[in-house]
Every structure is written in structure tokens, then in C-alpha cells.
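Okay, so here's the structure we're looking at.
The model shown is predicted, which means the values in this text are computed figures rather than measured ones. In what follows, every chain begins at residue 1, and chains take the letters A, B, ... in the order their sequences are listed.
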Amino acid sequence: MLDIRFVRSQPEEIEQKLQRRDPSISLRPLLDLDARWRELIFQSEELKKKRNEVSELIGRLKKEKKDASQHIAEMKKVSDEIKRLDGEVKQLDEAIHREMCELPNIPDDSVPVGQTKEDAVLLREWGEKRQFPFQPRNHLELAGLTGMLDFARGAKLAESQFPIYVGMGALLEWALLSFMVDVHTRENGYTLILPPYLVNPQSMFTSGNLPKFEGDLYKLRENDLYLIPTSEVPLTSFHRDEILDEENLPLKYASYTACFRREAGTYGAEERGLIRVHQFNKVEMYKVTTPETSEEELASLVRDAEKLVERLGLHYRTRLLPTGDMALQSAKTFDVEVWLPAQKAYYEVSSCSNCKSFQAVRGNIRYRPKDGGKNRYVHTLNGSGLATSRLLVALLETYQQSDGSIVVPEELRRYLWGIEAIKPKS
RNA sequence: GGAGGAGUGGCCGAGAGGACUAAGGCGGCGGUCUUGAAAACCGCUUCUCGUUCUGCGAGACGUGGGUUCGAAUCCUACCUCCUCCGCCA
């Protein structure tokens, strides 16, 4: 959420920047509500001042056993008027809050203006598309040969798009997760967090998922709890309503969780299998920084994601997303996209965003500056590191051999008892 | 699920209708002393909002309602935590 005082201070400039994301955005209704709100709050506070003064007088009179009934009658009227004004103020509060919830983050000036994925700007490319001397299979065929994934039973147990990892498939997934957690914690200095998978509405609000995207979330029937679509959600609320010390920033967290997405809407046949599912695994990176350092911390976050893909020997490219393609809470987002040989397309395995103070305002997350100035909002950053389910597709398709076996990348072998290749079932 | 107890500033903690100021401590900041530091001593230090901004005002004591001229304090609903019992990996 934006800071209303900031919006008030330079409305034209902010409106213009928001329109880079969505030309239909107008701040007019919000500004009108805010002007009315300030007018009423001023009136109410003037009356409260009067009430405080006279109430004190009444206390003194009573102590001296003098008559105060006229003052009490007068103050009763004042109190009623205050009640009326405050009721109206509360309604305006709620209306302003609703307007504010609809507004996305202000895009960073370095973000290209555009509404579709086509407007993304290529930042980096690594490795090459693998060429096959045979007809390559897609990951579904490969999973069938090796018995790694069971989609039919997943649909039986839950519903379609809930894959089950079996045998070597489960072990390979597990190896990927272990590898990534190791790198983040031992080499990159992230603190590992294993958070709840269920969170309350306040947590969903803080990250930006509520109120606008409730339809994307799984919600429990009996408790006021939601299943997390990403561990960005619990990590964002980890320091909610806290005041941090600048000396401790930046904070760097990594977490592993399953992620749950209703993904309402239909996708084409090319997104069958593991590419878009209701439950998938993800290791997440998360940073809490000062405003001065968030830009460079984003750059290193992207590198942390990219290096994982490199060590797995997978071809990828990294793109800077355009204004219209970013999540509500993000001011700047880089996507790391891995090459899927069978789909002949790049697919996102990591999305790294600088949310600046958008989530910090919602969650009231601040820090005490070293120099003793006023408390300020932190900046929050998140990035997948990485989404394994989709990464597994890239691994299978890239490392397949003509007989359907899968070569295990060097980095993963120590997590798989030294196995060099996964063979098809005989 | 049952029965009790408790939620107060960055942290601990007092306050139980009116002293216009939420005591006191810890921590933090500044100073005195010191070669330097520690200790000791002396100050300063909750947050949010509005504003015509060196100032003024309003609000906040888990959250929302209510009673009252006036609520941290009384009533009410809810939330969270702790202790014990029950169930359970």
C-alpha cells in the first residue's frame, strides 16, 4: 500500500507513474475522500479539545461542591456531536482504505512501460539450448518411463493438477530442495525459516494477496485461515508491527514451503503436467533492507537465483518485467526463465521483486535509523530460489538420453547417493 | 474441548472513574569525570494522526462496541498468551 501522506504530497506525479501500469487509474476519488476526511477530523478534534477543557472544569467544581449541571448538559451535546462526526470519519476511513487497497505499487523509473510479457527487456542469457541427435521426449513421457510422477492418483486423492512424486521423482525433488537450502544457508548467508502453511487474513493483506486476489487462494471452511500461495506471505509478516534496528539490516531469510494456488482460469494443453499445478514446492529468498540499499540487494538476489540455475547446467534468460506485468506489490521485478526443450519455450522459475515500502506500510514494518532520526519504513524484497516443480521439468527434458534415462547433474549427485543417471523402468 | 489467570511505550513493570503530563526501572542517546574505557553522577528518550509546524491540538494501555460531562480504570463481545485437565503426532 502507498503512504497516503506521500500520495497527498505529490498527487499528479504519482498518478502519472501509476498510469504507466494501468492507464485507467485515477487518484481523484481518493483525494476527494481524503480532503473531506481531514476537514472532519479537524472539526472533531476541536470539539474534543473543548470537551477536555470543560470536563476538567467539572471535576474541579465537583471537588469544591459547586454546581456543574449546566456544563454537564452542554458537554452532553458536544459529546453527541463528536460521536456523529467520528461515525462519519470512520466511514471515510473505510472508503479511503478500500481505494488505497486497489492501488498497485509505483513502478520504479527504470522499469520499461508496457502491458504484456512482450515488453520485457532481456538482461542476461546463460548457456545454450540443448540440441538433440534424437527426438526429445517431453517431461510427461519421461516421467512415465521412469515412474517418477503419478498424476492419475493425484487426481484420485485430491483433484486434477495435484501431482504425486514417486520414488526417484520424489528423491530428485528432495535433492533439489536440499541443494538450494544448502547454498542459501551455507554460502549466501540466508537464515532458514520453516513457517506455517496456513496464515490469517492480516498476513495475506500485508503481502498484497488480500483483498484483491482472494479468488486465487484456498481458504479453510471452519477457520479464518488461508493456504499460502508462496512463503513470501509468512515471511512478509514475520516482522509485522515491529521496529527493527538499522544495524541488523539487511535481514536475509530463506524458506522452503509447499505452495497452493487455485489458479482459477484455463490454460492451454501446453501447460499440462508439472508446469502449472495447484500444489508445488518452492524455496524462497526474502530480504528486509533500508531504502538506500534495496536496489543493490535486488541485483544480488537475482544473481543468487541465477547461480542456482547455472550450477544445475540449465540454459536460462533473465528479463526485466514491464510495468503492466508486475504483481500488485512490486515496484521492479526480474524473472529468471529456464528453457524447456520440449515446449520450446522459456518458463519462469524465479521471480525477484523489490516491493520497496509497499508491504512495509501494510504490515507497519519500520526501522530505527542509526543517526537517531524518525522511524522509517523498511523495503522488502522476495525472490524464488527456486520453484522446484517447474525446475524438475527443465531437468528431465534437458538431461534426457535417447533411451529415456536422465543424467543427474553433478551438483545433485551427493544428495542422491552418487547416482549418475535415473534409468527407465524395465 | 473444559477450568482458571493475564495482555500497558523498544523491553520489564506500576496505575483499579477526575493531580490537564502512563510512576519507576532496563536499554538507547548526550554530558560530567578519565590518557582511554568501565563505574558513578546529571540530563534527554513511547507511538500515531491533524495542523497555520522551533509551536499547537487530538488519539492510542490486546481489538471492536457501550456506559459517563470525563475511561488504562466500569460493562460487553471477540482475539492472543500462560497454567492445569482432556484428546493427540
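When the C1' atom is used for both B:rG1 and B:rG65, the distance is 28 Å, rounded to whole Å. Taking atom C1' in both B:rA71 and B:rG15, the straight-line distance is 13 Å, to the nearest Å. Rounded to whole Å, the separation between the P atoms of B:rU73 and B:rU63 comes to 11 Å. Atom name P, nucleotides B:rU35 and B:rU54: the rounded distance is 43 Å, in whole Å. Spacing between B:rG43 and B:rU80 at atom P, rounded to whole Å, works out to 45 Å. Comparing the C1' positions of B:rC61 and B:rA6 gives a spacing of 14 Å, expressed to the nearest Å. To the nearest whole angstrom, the two C1' atoms, one in B:rU67 and one in B:rA19, are 24 Å apart. For the P atom pair drawn from B:rC47 and B:rC11, the interatomic distance equals 12 Å after rounding to whole Å.
What separates CH2 of A:Trp37 from P of B:rG50 is a distance of 5 Å, to the nearest Å. Taking atom CZ of residue A:Arg38 and atom C1' of nucleotide B:rC49, one finds them 12 Å apart after rounding to whole Å. Following rounding to the nearest Å, A:Glu46 (CD) and B:rU52 (P) show an atom-to-atom distance of 13 Å. The nearest whole Å value for the distance from the CD atom in A:Glu81 to the C1' atom in B:rC69 is 16 Å. Distance A:Asp80 CG to B:rG70 C1': 14 Å, rounded to the nearest Å. For the pair A:Ile365 CD1 and B:rG10 C1', the computed distance is 16 Å after rounding to whole Å. Taking atom NZ of residue A:Lys48 and atom C1' of nucleotide B:rG50, one finds them 11 Å apart after rounding to whole Å. Here B:rA60 presents its P atom at 14 Å from NZ of A:Lys90, a figure rounded to the nearest Å.
Using the six-membered ring where Trp is involved, A:His97 and A:Phe205 have ring planes that are tilted, between 30° and 60° apart. Using a 30° and 60° split on the angle between ring planes, A:His278 and A:Phe162 fall in the tilted class, from 30° to 60°.
Residue A:Ile58 places its side chain closer to B:rC69 than to any other of B:rG64, B:rC69, B:rG50. With B:rG10, B:rC49, B:rC69 as the choices, the nucleotide that has an atom nearest any side-chain atom of A:Glu45 turns out to be B:rC49.
Here B:rC53 is in the syn range [glycosidic angle within 90° of 0]. Its glycosidic angle being more than 90° from 0, B:rA19 falls on the anti side.
In this structure B:rU63 sits in a base pair with B:rA77, meeting the Watson-Crick or G-U test at under 3.5 Å. Pair assignment for B:rA40: B:rU32, on the basis of Watson-Crick or G-U wobble contacts that are both within less than 3.5 Å. With a cut-off of 3.5 Å on both Watson-Crick or G-U wobble distances, the partner of B:rG15 is given as B:rU8. Judged by Watson-Crick or G-U wobble contacts below 3.5 Å, the nucleotide B:rA71 has no partner. Partner assigned to B:rC56 is B:rG50, using Watson-Crick or G-U wobble distances below 3.5 angstrom. Base pairing annotation: B:rA23 forms no Watson-Crick or G-U wobble pair, as no partner gives both donor-acceptor distances under 3.5 Å.
Comparing A:Ile41 and A:Ser55 against RNA chain B, the residue whose closest nucleotide sits nearer the 5' end is A:Ser55. Judged by closest nucleotide on RNA chain B, A:Arg8 is the one of A:Arg8 and A:Lys50 placed further toward the 5' end.
Using a 4.0 Å cut-off, some side-chain N or O of A:Asn52 falls inside it from OP1 or OP2 of B:rG59. Put simply, A:Ser79 has no side-chain N or O that comes within less than 4.0 Å of OP1 or OP2 on B:rU68. Listed pair A:Arg51 / B:rG70 meets the phosphate criterion, a side-chain N or O lying under 4.0 Å from OP1 or OP2. When the side-chain nitrogen and oxygen atoms of A:Lys76 are compared with OP1 and OP2 of B:rC69, one or more of them lie within a distance under 4.0 Å. Between A:Arg5 and the phosphate of B:rC49, there is a side-chain N or O to OP1/OP2 separation shorter than 4.0 Å.
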Dump the intermediate steps for side chain to side chain donor-acceptor pair (under 3.5 Å) on A:Glu232 and A:Ser207, then the final yes or no. CA-CA 7 Å; A:Glu232 175 194 349; A:Ser207 53; 5.7 Å; no

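Residues A:Leu320 and A:Leu123 have side chains not in contact (no heavy-atom distance under 4.5 Å, counting atoms from C-beta outward). Under the 4.5 Å side-chain criterion, counting only non-hydrogen atoms from C-beta, A:Leu176 is not in contact with A:Tyr415.
Across all their heavy atoms, A:Gly208 and A:Leu328 have their closest contact at O-CD2, 3.8 Å. Scanning both residues, A:Leu227 and A:Met204, for their nearest heavy atoms gives O-CE, 3.5 Å.
Once rounded to the nearest 0.5 Å, the distance linking CD of A:Glu46 with CD1 of A:Ile82 reads 11.0 Å.
Heavy atoms of A:Lys83 sit under 4.0 angstrom from primed sugar atoms or phosphate atoms, though from no base atom.
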